[in-house]
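First comes the structure, then the notes that go with it.
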Amino acid sequence: MNDKFIKKYSSMTGSSNTAYIEKLLPLIEEIKELKKKHNAVVLSHYYMTPELQIEEKEGGIADFVGDSLGLSVAATKTDADYIVFCGVKFMAETAFILNPKKTVLLPDDDAGCSLAESITGDDVIKLKSKYPGIPVIAYINTYAETKAECDVCCTSRNAIKIAKSFESKELIFIPDQFMGQNLAVKFATETDKKLILWSGTCEVHEQFRTNIESLTLANPGAELLLHWEVPQETVESTLKNNKGIVGSTSDILNYVENSKSREFILGSECDLGATLKGMYPDRQFITPCIMCRHMKLITLQKTLDALRSINTETEIKYKIKVDEPVLSKAYIPIKRMLDLS
Ligand code: 13P
Ligand code: SF4
């Protein structure tokens, strides 16, 4: 019996559904064996379901759990032959671009992202000809062929630092308009920078609107945890009357760590609430619970299937591929981001 896993899973979910947990245990054991056999690591994003974001030291399958910047950095540090990516496609692509000699497996090839799908490399080329000489910052939530046309990447965690590293007063930020609007408010108080924005949105975070306002009215003492991708009008209307932050996933984790409050309202992917609950079992995380359908395509069973496929003819189904010259071109803005972080 994997007591460590059961304890962690129960603290993250508040569930004592032992029948369900017991069904997961044989999958976990086989994943661990196959990881050893094939010298593979599992990198897992905070938006995965709880069973996928429990580290091996706590009885789970993950070698590293983190936000998109943490996962990119972890991908540069591993000496494994295989990286199994429990996240979405743009994240797995980034890991591959940083490690083209390794094999990166994504357990479901359909795990996309509304932001990444909102813009192409050709769109960036057109933007650059409309605004010549203005640097283009690509949020990491873009595909390789889009990154390939950009000057630098950023994640939610380092966007401000990356933007400030440019002397230019104008910057093009793609593709999230809401994150761009939230960053612009911050820049207006700290810098003289102006952002030119694209029209993409995160289909999860754009849904935090009156649902968050209602939760603040129902829970007057709770502090707000809002991701950069939440619409600016929600950020403005709720943070005006309530304590809290708008920021990155890691800002949210740090805020909770340093806050004395016992109650928080989360405006981010629902399973980040489980991550937080696992870290701070004595605190309350209230959320409208909006899930990313792309992230939820990744399951424990599919992760096992991806590992079972290694050295078989089905491995190709899971394998991330980025062809030249896109690979080398997309490496430049990602590497520049890592050097600036
Ligand atoms: P982070 O950079 O905060 O991990 O965000 C990833 C993401 O997909 C946000 O919706
Ligand atoms: Fe994309 Fe939003 Fe899902 Fe993140 S939560 S992967 S930004 S759709």
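Counting starts at 1 for both ligands and their atoms, following the listed order.
Taking 4.0 Å as the cut-off between side-chain N and carboxylate O, Glu190 and Lys164 count as a salt-bridged pair. Salt bridge annotation for Arg308-Glu30: present, with a cationic side-chain nitrogen under 4.0 angstrom from a carboxylate oxygen. Using a cut-off of 4.0 Å between Lys/Arg side-chain N and Asp/Glu carboxylate O, Glu233 and Arg209 are scored as salt-bridged.
Residue His45 places at least one N or O, backbone or side chain, under 3.5 Å from an N or O of ligand 1. Checked against a 3.5 angstrom limit, the closest N/O atoms of Glu229 and ligand 1 fall inside it.
Put simply, part of Tyr47 is less than 4.0 Å from ligand 1, judged by heavy atoms. In this structure, His227 has a heavy atom closer than 4.0 Å to ligand 1. Ligand 1 does not have Glu269 within reach: every non-hydrogen atom of the residue lies 4.0 Å or more from it. Between Arg293 and ligand 2 there is no heavy-atom distance shorter than 4.0 Å.
Within a 6.0 Å radius of NZ in Lys319, no more than 12 heavy atoms belonging to other residues, nucleotides or ligands are found. Under a cut-off of 6.0 angstrom, the local environment of OH in Tyr331 is sparse, with at most 12 non-hydrogen atoms contributed by other residues, nucleotides or ligands.
A disulfide bridge connects Cys270 to Cys289: their SG atoms sit within less than 2.5 Å of one another.
Atoms of ligand 1 lying under 4.0 Å from at least one heavy atom of Ser68, given by number and element, are 1 (P), 2 (O), 4 (O). Annotation for ligand 2: atoms under 4.0 Å from non-hydrogen atoms of Glu229 are 7 (S). In summary, the atoms of ligand 1 found under 4.0 Å from a heavy atom of Asn141, numbered by their order in the structure, are 7 (C), 8 (O). If you number the atoms of ligand 1 from 1 as listed, the ones under 4.0 Å from a heavy atom of Ser156 come out as 1 (P), 2 (O), 3 (O). Within the listing of ligand 1, atoms 10 (O) sit less than 4.0 angstrom from a heavy atom of His205. Atom numbering of ligand 1 starts at 1 in the shown order; those under 4.0 Å from a heavy atom of Asp67 are 4 (O). Remark: ligand 1 atoms within the under-4.0 Å shell around heavy atoms of Thr249 are 1 (P), 3 (O), 4 (O).
Side-chain atoms of Glu315 and Ser309 include no donor-acceptor pair closer than 3.5 Å. Between the side chains of Ser268 and His205, at least one donor-acceptor pair of N or O atoms lies under 3.5 Å. Residues Glu213 and Ser237 bring a donor and an acceptor atom of their side chains to less than 3.5 Å of each other.
At a threshold of 4.5 Å between non-hydrogen side-chain atoms, the residues Asn2 and Ile28 count as touching. Proximity of Leu98 to Ser72: side-chain heavy atoms (C-beta onward) are separated by under 4.5 Å at one or more points.
In the hydrophobic clustering, Ile172 connects to Ile119, Val124, Leu127, Tyr131, Ile134, Val136, Ile174, Ile196, Trp198, either directly or through intervening members, whenever side-chain heavy atoms lie under 4.5 Å apart.
Taking a cut-off of 2.8 Å, the protein N, O or S atoms nearer than that to atom 1 (Fe) of ligand 2 are Cys113 SG.
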